[in-house]
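This report refers to the structure that appears directly beneath it.
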There are 2 protein chains.
Amino acid sequence: MIKLTYAEENYLKAIYELTEAGKKSTSTNDISAWMKIKPASVSDMLRKLGEKTVIDYRKYYGVHMTEEGKKLALRIIRKHRLWEVFLVEKLKFSWDEVAEVADELEHVQSPTLIQRLDEYLGFPKFDPHGDPIPDEFGDVRSRPRIALNEIELNGSGQIVAVKDSSAAFLRYLDKVGAYIGARIKVLEKVEFDGSIEILVDNKKTIFMSKDVAGNILVMQ
Amino acid sequence: MIKLTYAEENYLKAIYELTEAGKKSTSTNDISAWMKIKPASVSDMLRKLGEKTVIDYRKYYGVHMTEEGKKLALRIIRKHRLWEVFLVEKLKFSWDEVAEVADELEHVQSPTLIQRLDEYLGFPKFDPHGDPIPDEFGDVRSRPRIALNEIELNGSGQIVAVKDSSAAFLRYLDKVGAYIGARIKVLEKVEFDGSIEILVDNKKTIFMSKDVAGNILVMQ
DNA sequence: ATTATTTTTTAGTGTTGGCTAAAATCCTAT
DNA sequence: ATAGGATTTTAGCCAACACTAAAAAATAAT
């Protein structure tokens with residue numbers, strides 16, 4: 001059984017997120033920028049994670065995750081997302097406050113705890129940001145999604161997730177009235193700057209820039 | 001603002017528990033035995049905690065807690081006990097399983113989290129072992145309690161806490177049907193070995209040794 | 001009161017995980 | 001093909017916290 005330290009878990013989660021987002025492999029610098037840890041420190045840790053066979057590491061080349069590593073990463077992500085659901089659903093945190101706390105809670109070691117928490121929350125399939133929660137075997141039921149700015153004129157769908165989970169962005173979405181689960185329809189697409197106008201839940205219209213729309217994921 | 005590391009928090013909690021139980025001061029060896037960390041390591045940590053002014057440390061003499069230290073220790077104990085309530089009440093852990101998990105959860109740093117958790121649990125005043133939960137200012141409403149083996153013949157009361165919280169002891173209590181909140185009456189006291197017979201909730205009689213009775217606290 | 005024993009502290013070591021500075025390697029542009 | 005720049009790695013350092021072995025202080029026993 002592979003045992004990871006707190007720091008190693010954080011690296012593995014980061015690597016998983018980067019390789020999922022930007023496909024196959026990730027560079028030392030990417031990880032460094034993402035985790036705000038100097039490249040030299042990252043190099044050192046990659047060597048260690050390579051020795052533990054959770055990543056595939058060849059010097060000067062990018063990092064790939066091994067099957068073992070993916071399993072462990074998904075276990076951490078599962079914990080993180082379940083705690084996020086708990087914080088929002090039960091403790092009434094707003095969705096922009098949960099990341100930090102969940103980053104700590106995700107490291108608590110107790111399989112029983114996670115299993116019971118899952119049960120207590122009613123086996124949720126998605127976290128408050130719309131991201132899927134892996135099951136205990138690491139299986140993920142992801143929904144086909146498309147960025148909001150890529151929906152055609154008069155196209156409709158439902159907001160299911162956000163790409164950018166920064167507190168600032170989430171607060172902005174709250175303010176304008178966009179939320180996970182909202183049903184939307186694209187009323188106008190401005191050629192000039194790519195901004196769009198959408199109808200939310202058939203009652204409110206919102207203008208948003210191309211940047212904002214590009215960070216909102218919709219299921220059609 | 002004094003910042004403590006994970007390890008420092010553990011030491012402080014241990015010292016608080018030892019000085020509360022055995023009164024005033026505690027020795028390096030006591031802490032070493034309690035925490036299962038070698039005396040040499042304890043010495044080193046005491047020096048550090050002394051520098052941070054959370055304990056009063058003079059070489060070769062015992063350790064006393066400072067007011068600052070007590071406040072911090074009570075904050076940790078508050079977190080620990082609130083999580084224990086959560087685990088038992090919401091996640092249906094049995095009371096002998098919670099200590100380990102709560103030992104990890106107690107270190108999560110987020111005042112908001114604890115405040116919301118407290119609220120969510122309905123501001124409980126006692127944890128599943130009957131120990132009082134300090135409020136956010138560190139105030140503790142403790143109940144006057146007496147060990148069960150010191151109750152006089154035909155005396156009665158209610159089980160409010162246990163001294164020994166080891167999983168083995170708690171499982172034993174569960175098996176015989178003693179639990180926090182049970183109303184008891186002492187039916188017999190055996191002079192010879194100090195064992196007693198008690199009536200639980202007016203329906204079940206239990207025999208227990210002096211040792212066991214001495215670890216059960218009763219409110220009269 | 002002086003020795004013996006126990007307790008506590010100091011000194012030195014190892015591991016984890018960060019850092020800076022310098023070296024090595026890779027990539028790109030001429 | 002090679003010089004310049006960017007990226008990555010190595011080397012050496014530091015802090016936190018554990019350990020063992022040895023020294024120092026306190027306590028107990030003769």
Side-chain angles (χ1 to χ4, degrees), chain A residues 1-15 18-19 22-65 69 72-73 76 103-104 106-109, chain B residues 1-15 18-19 22 24-65 69 72 76 103-104 106-109:
Chain A
M1 193 57 203
I2 296 171
K3 282 258 175 183
L4 298 182
T5 66
Y6 193 106
E8 285 168 347
E9 284 195 349
N10 277 333
Y11 273 94
L12 200 60
K13 195 183 81 166
I15 296 166
L18 288 171
T19 52
K23 324 287 181 259
K24 44 197 175 188
S25 89
T26 311
S27 73
T28 300
N29 257 6
D30 288 348
I31 299 167
S32 165
W34 180 253
M35 298 186 73
K36 287 172 188 149
I37 289 174
K38 292 285 134 72
S41 309
V42 174
S43 266
D44 210 52
M45 183 57 95
L46 293 182
R47 187 185 45 69
K48 282 197 279 186
L49 290 175
E51 282 167 12
K52 289 200 175 182
T53 71
V54 294
I55 60 171
D56 200 345
Y57 174 57
R58 271 162 53 231
K59 286 186 210 170
Y60 295 105
Y61 286 73
V63 193
H64 297 254
M65 308 224 39
L72 289 171
I76 301 161
D103 275 341
E104 290 194 59
E106 76 191 9
H107 299 290
V108 174
Q109 302 288 6
Chain B
M1 193 57 202
I2 298 170
K3 282 258 174 183
L4 298 181
T5 65
Y6 194 106
E8 286 167 346
E9 284 195 350
N10 278 333
Y11 273 94
L12 200 60
K13 196 183 81 165
I15 295 166
L18 288 171
T19 52
K24 44 197 175 190
S25 90
T26 311
S27 72
T28 300
N29 258 6
D30 287 349
I31 300 167
S32 165
W34 180 252
M35 298 186 72
K36 286 171 187 150
I37 288 174
K38 292 285 134 69
S41 310
V42 174
S43 265
D44 207 53
M45 183 56 95
L46 293 182
R47 187 185 46 71
K48 282 196 281 183
L49 290 175
E51 281 167 13
K52 291 200 174 182
T53 71
V54 294
I55 61 171
D56 201 347
Y57 173 58
R58 271 163 51 233
K59 286 186 208 173
Y60 296 104
Y61 286 73
V63 193
H64 298 254
M65 309 224 38
L72 289 172
I76 301 161
D103 275 340
E104 290 194 59
E106 77 191 8
H107 298 290
V108 175
Q109 301 289 5

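In what follows, every chain begins at residue 1, and chains take the letters A, B, ... in the order their sequences are listed.
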CA sep, side-chain torsions, deciding dist, call: Gln109(A), Glu9(A), side chain to side chain contact (heavy atoms under 4.5 Å, CB included): CA-CA 11 Å; Gln109(A) 302 288 6; Glu9(A) 284 195 349; 3.2 Å; yes
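A straight line from CG of Asp44(A) to P of dC13(D) spans 15 Å, rounded to a whole angstrom. To the nearest angstrom, P of dG18(C) lies 13 Å from CZ of Arg47(A). One can place CG of Asn10(A) at 12 Å from C1' of dG17(C), the figure rounded to the nearest angstrom. Following rounding to the nearest Å, Tyr61(B) (OH) and dT8(C) (C1') show an atom-to-atom distance of 13 Å. In this structure, Leu46(B) places its CG atom 13 Å from C1' of dT7(C), rounding to the nearest Å. For the pair Ile37(B) CD1 and dT20(D) C1', the computed distance is 15 Å after rounding to whole Å. One atom, OH of Tyr6(A), and another, C1' of dG18(C), lie 15 Å apart when rounded to the nearest Å. Rounded to whole Å, atom C1' of dG14(C) lies 13 Å from atom NZ of Lys48(A).
For dT8(D), the OP1/OP2 oxygens have a side-chain nitrogen or oxygen of Asn29(A) closer than 4.0 Å. Here Thr5(A) does not reach the OP1 or OP2 of dT16(C): none of its side-chain N or O atoms lies under 4.0 Å away. OP1 or OP2 of dG18(C) lies within a sub-4.0 Å distance of a side-chain N or O belonging to Tyr11(A). The side chain of Ser43(B) places an N or O atom within less than 4.0 Å of a non-bridging phosphate oxygen (OP1 or OP2) of dT9(C).
With respect to Glu8(B), the side chain to side chain donor-acceptor pair (under 3.5 Å) criterion is satisfied by exactly one of Lys3(B), Lys13(B), Lys52(B), Lys48(B): Lys52(B).
Contact of the Ile55(B) side chain with the Leu12(B) side chain is registered, since non-hydrogen atoms from C-beta on lie closer than 4.5 Å. Within the 4.5 Å cutoff, the side chain of Leu49(A) has no heavy atoms near those of the Val63(A) side chain.
Across all strands, Thr28(A) comes closer than 4.0 Å only to sugar-phosphate atoms, never to a base (heavy-atom distances).
In terms of modelled atom types and a separation under 3.5 Å, the side chain of Thr19(B) and the main chain of Ile15(B) share a donor-acceptor contact.
Set against dT8(D), dT20(D), dG17(C), the side chain of Tyr60(A) has dT8(D) as its closest nucleotide. Among the nucleotides dA11(D), dT8(D), dA16(D), the one closest to the side chain of Ala40(A) is dA11(D).
Judged by closest nucleotide on DNA chain C, Lys38(A) is the one of Lys38(A) and Lys59(A) placed further toward the 5' end. Nearest-nucleotide assignment on DNA chain C puts the 5′-proximal partner with Tyr57(B), out of Tyr57(B) and Met45(A).
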